Amino acid sequence: MSTTPLDPGCLQVHALYTAAKRPPLELQTPVEAREGMRRSRPFLQPDAPDVGALKNITCPGPAGPIPLRLYRPKSPNRSGETGALIYYHGGGWVIGDLESHDVLCRDLANQSGEAVISVDYRLAPEHRFPAAVDDAIAAARWISAHAVSLELDASRLAVGGDSAGGNLAAVVALALRGEVPLRFQLLIYPAVDAVQKWPSTTRNAEVLPLTDRAMVWFYDHYAGAADVRSDWRLSPLRAASHAGLPPAIIMTAGYDVLMDEGIAYADVLEKAGVAVTRKHYAGMIHGFIGMGKMVETANTATRDASAALKAALA
């Protein structure tokens, strides 16, 4: 258990949530939760930086077109084709969209010097597991196949995401192993095990914004029945093998219910021979990387992620 105190910026975020007087997430409807996330963005996120170019596009998906947003960096690492991070937003597979993670994706593009493509996969409970997985895989396949027309280098692609998006990135890397030559995984406090309650789940059970009850709410909306919880597409920690996966950076937060499973995922990747960089932010809460207006370490973590991405796609 960490003895590092909760970061002052995170304490201010807690005060903001308390002042908003919204009911706990598990007592909200998905529509209400999505609106709450939208309303909180101006208070938590810094202003959106300019990028070199931004284009909204679509790719074919199993249930219709999947919206994508392509970000070009202001100062690319090279002329011509750039590498790209395929990014899956967090939000428990229930909330979040292209707008919720727009600032982060802009920062990752500018700071890494590589392109970023954000994927607006289908959300639960309207579209339950494995809809998000199917969209995530379809988007990565399409981006790889159409890299030339997108002015991207198909040999320099990475996947990444935060929380539920980190889950999807890990699953995509597993699903496309040997098919799409991914260079890197950027996994920000990923959800990787829907089965086991880890010590951090209990220790941080009441820490906003992701309490243990809220995590149950997300899994119930997304996956429902317990008989699918051990499926590797929901719990990538429980995949039969992790050999042959691309190198990863795994970022964890000390006051996060998901901390221990993120550490466990780093362990299983290393045991399988995968190169892993671990970044632990001891005084941070879940979701902190999207709180750069109030939490300075969020900006540090974004720079860390961007530097790792730049190095991996060099």
Side-chain angles (χ1 to χ4, degrees), residues 41 45-61 65-91 96-121 135-162 165-166 168-169 172-173 176 180-188 246-247 249 251 289-290 292-293 298-314:
R41 289 203 306 265
Q45 298 182 2
D47 295 336
D50 292 333
V51 291
L54 183 153
K55 187 176 184 181
N56 290 317
I57 58 178
T58 63
C59 72
I66 302 169
L68 309 174
R69 181 170 291 174
L70 171 60
Y71 300 84
R72 306 276 185 189
K74 289 186 74 172
S75 300
N77 292 325
R78 64 198 61 77
S79 60
E81 296 176 344
T82 65
L85 169 68
I86 303 167
Y87 195 84
Y88 305 103
H89 68 79
D97 53 28
L98 296 179
E99 300 304 329
S100 65
H101 288 62
D102 179 70
V103 172
L104 177 58
C105 289
R106 288 168 181 263
D107 281 335
L108 289 170
N110 282 342
Q111 294 176 23
S112 71
E114 306 290 355
V116 174
I117 304 179
S118 185
V119 180
D120 200 13
Y121 55 87
D135 284 0
I137 294 171
R141 278 194 174 121
W142 184 87
I143 290 165
S144 176
H146 293 81
V148 172
S149 63
L150 295 170
E151 298 181 42
L152 302 174
D153 182 348
S155 71
R156 295 169 53 252
L157 298 178
V159 290
D162 60 293
L168 293 173
V172 169
L176 298 185
V180 174
L182 297 171
R183 286 272 195 100
F184 189 60
Q185 303 177 72
L186 169 60
L187 307 180
I188 305 170
I249 184 171
M251 308 172 82
I289 205 165
K293 184 178 281 189
N299 303 312
T300 300
T302 301
R303 290 190 292 269
D304 291 343
S306 300
L309 178 64
K310 181 176 182 177
L313 298 187

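Bear in mind the structure is a predicted one, so any value in this text is a computation, not a measurement. For the numbers below, each heavy atom of this structure counts, side chains included, while hydrogens, waters and symmetry mates do not.
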For the student: nearest non-hydrogen atoms of Leu182 and Ala173, plus distance = CD1-CA, 4.0 Å

Just wondering, more than 12 heavy atoms not from Lys310 lying within 6.0 Å of its NZ?
-> no

Between Val159 and Leu85, what is the shortest heavy-atom contact and its length?
-> C-CD1, 3.5 Å

Is the closest side-chain heavy-atom distance between His146 and Leu152 below 4.5 Å?
-> no

For Ile188, does its backbone N or O pair with a side-chain atom of Asp162 as donor and acceptor, under 3.5 Å?
-> no

Where the side chain of Ser144 meets the backbone of Arg141, is there a donor-acceptor pair that is under 3.5 Å apart?
-> no

So which heavy atom on Gly52 is nearest to which on Asn110, and how close?
-> N-OD1, 4.4 Å

Can you list the residues that meet the salt bridge (charged side-chain N to carboxylate O under 4.0 Å, His left out) rule with Asp135, with sequence neighbours excluded?
-> Arg122

For Arg183, side-chain hydrogen bond (donor to acceptor under 3.5 Å, both in side chains) partners two or more places apart = none

Considering all heavy atoms, the nearest Pro65-Pro67 contact | O-CD, 3.7 Å

Would you give the length of the straight line joining atom OH of Tyr88 to atom CG of Asp120, rounded to the nearest 0.5 angstrom?
-> 12.5 Å

Using atom types as modelled and distance alone, determine if a side-chain donor or acceptor of His89 lies under 3.5 Å from a backbone N or O of Leu98.
-> no

Using side-chain hydrogen bond (donor to acceptor under 3.5 Å, both in side chains) as the criterion, list what pairs up with Asp102, not counting sequence neighbours.
-> Arg69, Tyr71, Arg106

Among residues two or more places apart or on two chains, list those pairs meeting salt bridge (charged side-chain N to carboxylate O under 4.0 Å, His left out) that have a residue in residues 71-91.
-> Arg78-Glu114

side-chain hydrogen bond (donor to acceptor under 3.5 Å, both in side chains) with Thr58: which residues, sequence neighbours excluded?
-> none

Do the side chains of Pro49 and Asp107 get nearer than 4.5 Å, heavy atoms only?
-> yes

Rounded to the nearest 0.5 Å, how far does CG of Asp304 lie from CD1 of Ile289?
-> 8.5 Å

Do Val103 and Pro46 have side-chain heavy atoms sitting under 4.5 Å apart?
-> yes

Asn77 side-chain N/O to Thr82 backbone N/O, donor-acceptor pair under 3.5 Å = no

Leu70 and Leu150: which non-hydrogen atoms are nearest, and at how many Å?
-> CD2-O, 4.5 Å

Indicate yes or no for a side-chain donor-acceptor contact from Gln45 to the backbone of Ser100 under 3.5 Å, with no hydrogens or angles considered.
-> yes

Euclidean distance, Leu157 CG relative to Leu313 CG, rounded to 0.5 Å | 8.0 Å

Atom pair CG/OH of Leu68 and Tyr121 - distance to nearest 0.5 Å = 13.5 Å

What residues, two or more places apart in sequence or in another chain, satisfy side-chain hydrogen bond (donor to acceptor under 3.5 Å, both in side chains) together with Asp153?
-> Ser155

For Pro60 and Ala138, work out which heavy atoms get closest and say how close.
-> O-CB, 4.2 Å

Side-chain heavy atoms of Trp142 within contact of Ile66, under 4.5 Å = no

Would a 4.5 Å heavy-atom cut-off, applied to side chains only, mark Val116 and Val51 as touching?
-> no

